[in-house]
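Hydrogens, waters and symmetry mates are skipped; everything else that's a heavy atom, side chains included, is used. So you know, we letter chains A, B, ... as the sequences are listed, proteins then strands, and number each from 1.
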Amino acid sequence: MAPKGLDYEHLNENVKKVQYAVRGELYLRASELQKEGKKIIFTNVGNPHALGQKPLTFPRQVVALCQAPFLLDDPNVGLMFPADAIARAKHYLSLTSGGLGAYSDSRGIPGVRKEVADFLLRRDGYPSDPELIFLTDGASKGVMQILNTIIRGPNDGILVPVPQYPLYSAAISLFGGTLVPYYLEETANWGLDVNDLRNAVSQAQFKGITVRAMVIINPGNPTGQCLSEANLSEILRFCYQEGLVLLGDEVYQQNIYQDERPFISSKKVLMDMGPPYSKEVQLVSFHTVSKGYWGECGQRGGYFEMTNIPPKSVDEIYKVASIALSPNVPAQIFMGLMVNPLKPGDVSYEQFIRESKGILESLRKRARIMTDGFNSCRNVVCNFTEGAMYSFPQIRLPPKAIEAAKSAGKVPDVFYCLKLLEATGISTVPGSGFGQKEGVFHLRTTILPAEEDMPAIMESFKKFNDGFMEQYEDTRGYSRM
Amino acid sequence: MRRSVIGGAKRSSLFLLNQAHRSLLSPSPPPLHHHLGSSPSSSATALLLLLRRLSSSSASSPPPPNMSNPVTVQSINPKVLQCEYAVRGEIVNLAQRLQEELKANPGSLPFDEILYCNIGNPQSLGQLPITFFREVLALCDHPTILDKAETQGLFSADSIERAWQILDQIPGRATGAYSHSQGIKGLRDTIAAGIEARDGFPANPNDIFLTDGASPAVHMMMQLLISSEKDGILCPIPQYPLYSASIALHGGSLIPYYLDEETGWGLEVSELKKQLEEARSKGISVRALVVINPGNPTGQVLAEENQRDIVEFCKKEGLVLLADEVYQENIYVPEKKFHSFKKVARSMGYGDNDLCLVSFQSVSKGYHGECGKRGGYMEITGFSPEVREQIYKVASVNLCSNISGQILASLVMSPPKVGDESYESYSAEKDGILESLARRAKTLEDAFNSLEGITCNKAEGAMYLFPRIRLPEKAIKAAEAAKTAPDLFYCRHLLNATGVVVVPGSGFGQVRTCFKMLS
């Protein structure tokens, strides 16, 4: 029989190289166990609603009305929906060209992009151009679009933090580029040293790689660290010197759990630096409706804002966006609602604030509970989750455990996480899925399980971990001093 | 009747192949003034670089930037530069500018409004959504109201029931959570049942991948199939330019096969064979065959016999059959029916071991026209578990498609049935839309045929008309003088005179003047 088009041997090699551990081996095993009837606690992905977080009421009211505009004509609609939700629904419908069912402008509904621009002005104090804001089906699609535009071939390098959210490594593989790692320093609170960046770039150049862009995730994923203003200035200066596009993944900007380092956007720092930086450094910033206190992952709503990107490049990016016709319209409305929130005096304001505060305060508490919980376990050290939605404890695996992993044909942290899963039902993502220094092991969990379930979960983890450590420990020392 | 094609079919095929091959050339980097990294094999150079960098870090004023790598048009991915998508290309940009001018200076143009006929976007032109679908979606978006008494008064009983049913299939009833990367299992079960009801052959929910519209699914397949320009994909000409754009974006080669306008845009297997062999002789490994049925922009509905020949051809040549079937519910002629390629293959006795088939469906077309929702799926049959794993992996990087779109896809594949409370109103809405589309297709076809210099094939299906405009010599010369493709020249004149936005035929791969018009 003739070789067939989709034979494994002939698949695009770039596809085969892609790894995405967040929904990889651990998740698949967890799903199998779940089918067999085991209770699984999925902490592998930042998916708040899947762990019981309720959607905010107001946006759901507005979008439901937009879905079924005939409701707006019903005299009884006021019995079911508050006046401000009704008004907002009418507002967003008027911005569309045919309701939720029509393709919008490929960059997103102009009126919503204007609302995003207004939000950015309020947040940063600098005007934003709606023409340079593109709405996307989730921030991930935007990241992929931009990386695909930058990467020409294997000699193009992208600076990516290690550990990183593996969308970046996956996208770079898919587009045939080269990932140039820069290591975050765990002992310095996952800090970033600009000298490390310089070394990384030099080493890459030595290998014939042209570094084109730098990714920062702020707050970090999986690490949670919030970058200081000084750090951001250094990074921007570095990008200016090296002619790199800065890709600022800021999807967790509303998830901040300490007060020493509030969120400050790359755009604000860049503009504050003034010329020549503010006029020259190319920056693309990403945001989403999936995180923060909204957690509307399933809507697939996001945007990116371009700063100092030449008009012709913007045209090309627009062209590619137009092939996909338009981002989904309901999510665009979620985005509008997120950036253009209720005001004091609005009928639904009190409830909205109550719901939002409730979620954020609980996340802050849970960040602390988890960090402390991990730190109370044998051979586990955990930096505090300053921001985002994850805990990334370091697991100091004894040599015997590493050997056992090897015999089982597994990477050590995968081995540990599988054992954890089988013993407790807690489904995590092994640190190797995010990248880490050689010989150092971590796992990532989310801080999303319900607050009332947390003590039991941490108890369960501790029991497993301390038992595991006892089983595999000997006097030869641990995996890392 | 002999075709008097401007430029000839050959030129268009050359044009398309050249487009793909251009991706081989990468632009030379702009002149570098101080970047030493261009000869990195020298360790002395690297050391010099490091020293420069260390000294510059202590400089008080910002050193001159390294301008060699900014993201300029000279230095972005050439495949991005390569690809084109005329459906939202130059004419649309011009239209948007004219629209702004109309707003700023009403009455300044010879028309009052811009009429966008370039894109299959029914609800933007006044088509109403199907009530039942929107009821279910609204309830799923805001399930809190399901418990309220008032809801019974505002929503039909069966939409409430369906919403409950769907929510019960979603863990925690959380419509805001990322789902399984292939889409919610229960919804895939519903879609599989819908496919079985349509075709009479079973469908496996694990073969279904729900996506943000059919287009991302097409991209996924192109990504999988294309490793380099040596990988070719057979595409119909004229074609919906998603295919040419996607192939260019992934660095592959588009291998055109020509539909015959004289025979109602017929597809001949002999033509497929010819193009396949020619491509192979040039060292191209042809991986797949794209068939759009009903066709876009041509609207033809394939005869079952034709489909059997195509299936046979793909099986024999080891090609993946990519069946774009998004217009399966848009058929306007009683003598033609939609038969899915899966059904045809199965009725020939061909199973998973015989044929690699990917079928694409969307919520954007049909009678539902829910373009803005971005809902769709691909059903993949006939490939190995290892390959399926790779597809799943690529799907998982994006986590999942939007939930509302997933729900809608399941509704489209399993609408109200006889006996359901909403069945009558649903049927009336559906029939109303389809009958109107059929009437408009006929009206426009007749109108075009009555105009000077224009002939137009019947639109058997889909949403477009693709009339042929015989441009006079003087017009062609004027276009050449303006350095513009003749059909683009005509379409621009049309837009400036009337505000009507259409897509020039060259956007679909035919070097002749053709329109595309939403009927």
Side-chain angles (χ1 to χ4, degrees), chain A residues 2-6 8 11-13 15 18 20 23 47 49-50 55 60-61 63-64 67-68 74 79-80 97-103 106 137 140 148-152 170 198 202 205-206 208 212 240 242-243 245 280 282 296-300 310 312-313 316 320 322-324 328-330, chain B residues 26 37 40 46 49-50 53 65-73 76-77 80 85 88 121 123-124 129 134-135 137-138 141-142 145 150 154 174-178 181 212 215 224 226-227 245 287-288 318-320 356 370-374 383-384 386-387 390 393-394 396-398 402-404:
Chain A
K4 290 204 277 179
L6 265 177
Y8 185 76
L11 287 186
N12 182 355
E13 285 301 319
V15 168
V18 168
Y20 186 69
R23 280 211 164 162
N47 199 10
H49 294 197
R60 291 306 189 97
Q61 290 171 326
V63 176
Q67 287 277 19
D74 193 303
L79 295 174
M80 299 215 50
S97 44
L100 298 191
Y103 292 125
S106 299
D137 284 312
S140 299
N148 190 35
T149 305
I150 295 171
I151 296 172
R152 297 166 298 189
R198 288 191 227 283
S202 306
Q205 280 172 333
F206 195 70
R212 311 285 310 287
Y240 174 81
E242 300 296 332
V245 185
E280 301 288 344
Q282 296 181 337
E296 291 280 10
C297 302
Q299 309 300 341
R300 311 321 275 111
K312 283 212 174 108
S313 302
E316 292 296 322
V320 174
S322 67
I323 301 170
N328 89 74
V329 177
Chain B
S26 45
L49 243 155
L50 183 58
R53 207 160 276 120
N66 183 339
M67 295 303 275
S68 58
N69 309 329
V71 173
T72 64
V73 149
I76 63 176
N77 183 355
V80 166
Y85 185 68
R88 279 201 163 168
N121 197 10
Q123 293 191 27
S124 74
R134 292 303 191 89
E135 284 180 301
L137 289 172
D141 270 338
H142 189 38
I145 59 177
E150 295 91 345
L154 285 169
T175 52
Y178 292 126
S181 295
D212 290 304
S215 301
L224 221 78
I226 297 171
S227 301
R287 314 290 310 282
L319 302 178
V320 180
C356 274
E370 296 276 23
C371 302
K373 299 298 182 57
R374 311 319 279 115
F383 57 95
S384 66
E386 294 83 29
V387 172
Q390 296 298 316
K393 185 177 70 175
V394 171
S396 74
V397 176
N398 194 51
N402 85 77
I403 306 301
S404 188

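- Taking every heavy atom of both residues into account, B:Leu154 and A:Met80 meet most closely at CD1-SD, 3.3 Å.
- Among A:Gln299, A:Glu13, A:His49, the residue making the largest number of heavy-atom pairs under 4.5 Å with chain B is A:His49.
- Only the backbone of B:Ile226 comes within contact range of chain A, with heavy atoms under 4.5 Å apart.
- Paired with A:Gln67 under the rule side chain to side chain donor-acceptor pair (under 3.5 Å), one option of B:Glu135, B:His142, B:Lys373 passes, and it is B:Lys373.
- Considering all non-hydrogen atoms of both residues, B:Ser181 and A:Arg23 come closest at OG-NH1, 2.9 Å.
- In this structure, B:Leu224 and A:Asn12 have side chains that are not in contact, with every pair of non-hydrogen atoms separated by 4.5 Å or more.
- Each of A:Val15, A:Asn47, A:Val329 has some count of heavy-atom pairs under 4.5 Å with chain B, and the biggest count is that of A:Asn47.
- If you tally non-hydrogen atom pairs under 4.5 Å between each of B:Pro129, B:Ser124, B:Ala245 and chain A, the highest count goes to B:Ser124.
- Proximity to chain A (any heavy atom under 4.5 Å) is restricted, for B:Val394, to the side chain, taken from C-beta onward.
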Under the side-chain hydrogen bond (donor to acceptor under 3.5 Å, both in side chains) criterion, do B:Gln123 and A:Ser97 qualify, and how do the steps go? CA-CA 8 Å; B:Gln123 293 191 27; A:Ser97 44; over 6 Å; no
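- Taking A:Leu100, A:Leu79, A:Val320, A:Val63 one by one and counting their heavy-atom pairs under 4.5 Å with chain B, the maximum is reached by A:Leu100.
- Considering all non-hydrogen atoms of both residues, B:Asn121 and A:Ala102 come closest at OD1-CA, 3.3 Å.
- Of all non-hydrogen atoms in A:Pro330 and B:Gly372, the two that sit nearest each other are CD-O, 3.8 Å.
- Note that OG of B:Ser396 and OH of A:Tyr20 are 6.5 Å apart. Values are rounded to the nearest 0.5 Å.
- Contact tally against chain A (heavy-atom pairs below 4.5 Å) for B:Leu137, B:Val80, B:Ile403: the top residue is B:Val80.
- The contact between A:Ala324 and chain B is made entirely by backbone atoms, counting heavy-atom distances below 4.5 Å.
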Would A:Gln61 and B:Ile145 count as a side-chain contact (heavy atoms from CB on, under 4.5 Å) if you check the C-alpha gap in whole Å, the side-chain angles of each, and the deciding distance to 0.1 Å? CA-CA 9 Å; A:Gln61 290 171 326; B:Ile145 59 177; over 6 Å; no
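- The distance from atom CG of B:Asn77 to atom CG of A:Asn148, rounded to the nearest 0.5 Å, is 5.0 Å.
- What you find for B:Lys393 and A:Val18 is that their closest heavy atoms are NZ-O, 2.8 Å.
- Taken to the nearest 0.5 Å, the CD1 atom of B:Ile76 stands 4.5 Å off from the CD atom of A:Glu316.
- Interface remark: B:Asp212 contributes side-chain atoms only to the contact with chain A (heavy atom separation under 4.5 Å).
- Considering every non-hydrogen atom in both B:Ala177 and A:Ala50, the closest pair reads CB-N, 3.7 Å.
- If you measure heavy-atom distances from A:Ile323 to chain B, the contacts under 4.5 Å come from both the backbone and the side chain.
- Once rounded to the nearest 0.5 Å, the distance linking OH of B:Tyr178 with CD of A:Glu296 reads 11.5 Å.
- Residues A:Leu11 and B:Gln390 are in side-chain contact: their nearest non-hydrogen atoms beyond the backbone lie under 4.5 Å apart.
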